[in-house]
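Chain naming here is simple, since letters A, B, ... match the order of the sequence lines and numbering starts at 1 in each.
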Protein chains: 2
Amino acid sequence: MKKQALEKQRSYGGVRASQREEGRRLKLLDAGLGAFGTVGYARSSIKGICGLAGLTERYFYESFGSKEELLLAVYGGVVEDLLARARERLSQPFVSPSDLLTGVLGIYFRAMREDPRKARLLYFEVLGVSPAVDRAYQDATRLLGGIVTEAVLAAFPVLDRRFFSESIVPVGLTGAVTLMAINWILEGFRTPLEDILSQVAFLAGLVESFAGKSSPPHEARP
Amino acid sequence: MKKQALEKQRSYGGVRASQREEGRRLKLLDAGLGAFGTVGYARSSIKGICGLAGLTERYFYESFGSKEELLLAVYGGVVEDLLARARERLSQPFVSPSDLLTGVLGIYFRAMREDPRKARLLYFEVLGVSPAVDRAYQDATRLLGGIVTEAVLAAFPVLDRRFFSESIVPVGLTGAVTLMAINWILEGFRTPLEDILSQVAFLAGLVESFAGKSSPPHEARP
DNA sequence: GTATTTTGACATTTTCTCTTGTCAAAATCA
DNA sequence: TGATTTTGACAAGAGAAAATGTCAAAATAC
């Protein structure tokens, strides 16, 4: 029989129960990334994930209620990490518009190449799983688009923020970057990163020309 | 006992066996679109699809070996239809670049709105199902990108075909169109179609300015 | 009208995964 | 050392869906 439910945080092996639990949770998150990012979400089983984590099923349900819950946690972590790194670069000084844009997007493309599991997860495994996951994807895309928008605004201070944010151009740019990433993943990252970034710089040139244009078509408010 | 395996094409009820089979196949394709495009691929069962088609499981396996095979057939049909319609518009006369581009892409966006099941299938349900389906998606994206490229080349004959095709701009444009479509689906098609198309026309303006630029960065050959 | 083909309803078998539970070995504490 | 906690291996029931099979009713041919 259990001693006391309230006697919870006693140390065992020098580690508190909550810390051990957190450690197992982290193992499961990593195993989830490994499974989802290689075998794919649909073909990953909880048992298999636990095997990757070196844990048994019991510990899965200790931290997550379902495979979908794990997916949301893994996905959220990957997105957060990406955004944090991009935002950090965004706050650094830069010498030219193209320097900033290739810097920020370089963070992004580099992260894909360094961990293709994340790339697969971001673009192939999250859509169509469930409405909740679709929503998470939508939010993440909005945030990524926000970063692109911020980078462009920082690179070209002459742009009117309100004017630019409501144009179709940020969506277009985000879509362009996304499809470039998808193509890069599918071709196995054969194109050198520098080529990708010089293409980004080229797109930036187009945006620059946009800066001097007349009013863009309005976008309906949601 | 069967009479003769060779006596195959005898008419029954005024319809040949192969025609009835084809009819069932078509029913299943439509039911598959209905299921995959609403409930989603993962949560669709073969039994449920057969129920939608008004047929029993036996007839499913008469035409398809698995749910995945049905998905590939449905997806292929939707893509073919879209491409055929876009190509047809592409072959029609046009009065201005923007006329052609909004015409071709209007076909595309209109098809999405008219049948949101197709929209969901195209962008949410096919990724991450299996390597074979991923490949089909990749091919379809390439074909869509080809249409966009052709439309731009037809709209701006001044562009050098080889020069333009190998630039990042077609990929960027395709990505832009794709993300516009995804956003439109997710917001429930609230933005009027005319607004979408005027944004397309605006992007066309950017491409026009690209036409007078210097050489774009090279793209690595696969 | 009778025989044959086609079809629908449903049963069955199999397989897979989730989810919970049991139990003993290992680790740790006191 | 002896008691307790933690952990790993694995069993087992529940549930769902795939894939095949059975059988009789309905439709059609002759």
Just how far, in rounded Å, is C1' of C/dT17 from CD1 of A/I49? 12 Å
Donor-acceptor pair present, B/R58 side chain and C/dG8 base, under 3.5 Å: yes
Give A/F60 one of three labels, base, sugar-phosphate or nothing, depending on what nucleic acid heavy atoms sit under 4.0 Å from its own. nothing
At their closest point, which heavy atom of A/V129 faces which heavy atom of A/E125, and how far apart are they? CG2-O, 3.3 Å
Report which part of the nucleic acid B/R24 touches: base, sugar-phosphate, or nothing (heavy-atom distance under 4.0 Å, all strands). sugar-phosphate
Round to the nearest Å and state the distance from A/Y41 atom OH to C/dC18 atom P. 9 Å
Listed nucleotide nearest any side-chain atom of B/E57, set C/dT19, D/dT6, D/dA19: D/dA19
B/L28 has an atom CG; how far is it from atom P of C/dG8, in whole Å? 11 Å
From C/dT7, C/dC18, D/dA18, nucleotide with atom closest to B/R20 side chain: C/dT7
Could you state the atom-to-atom distance from NZ of B/K47 to P of C/dC10 in whole Å? 9 Å
How many Å lie between CD on B/E62 and C1' on C/dT6, as a whole number? 11 Å
Among the candidates C/dT6, C/dC18, D/dA18, find the nucleotide nearest to the side-chain atoms of B/I46. D/dA18
Thinking salt bridges, do B/K27 and B/E22 make one under a 4.0 Å N-O criterion? no
The nucleotide from C/dG8, C/dT17, D/dG8 with an atom nearest the side chain of B/T56 is C/dG8
Round to a whole Å and report the spacing from CD of A/E69 to P of C/dC18. 14 Å
If every non-hydrogen atom of A/A86 is compared with every non-hydrogen atom of A/I147, which pair is closest and at what distance? CB-CG2, 4.0 Å
Starting at atom CG of B/L55, determine the distance to atom P of C/dA9, rounded to an integer number of angstrom. 10 Å
Compare the minimum distances between each of C/dT7, D/dA18, C/dT19 and the side chain of B/K67, then state the nucleotide with the smallest one. D/dA18
Between B/R117 and B/D30, is any pair of side-chain heavy atoms under 4.5 Å apart? yes
Strictly below 4.0 Å: does B/Y59 bring a side-chain N or O up to OP1 or OP2 of C/dT7? yes
Rounded to whole Å, CD of B/E68 lies from P of D/dA17 at a distance of 18 Å
If you take all heavy atoms of B/R43 and A/G128, which pair is closest and at what distance? NH2-O, 3.8 Å
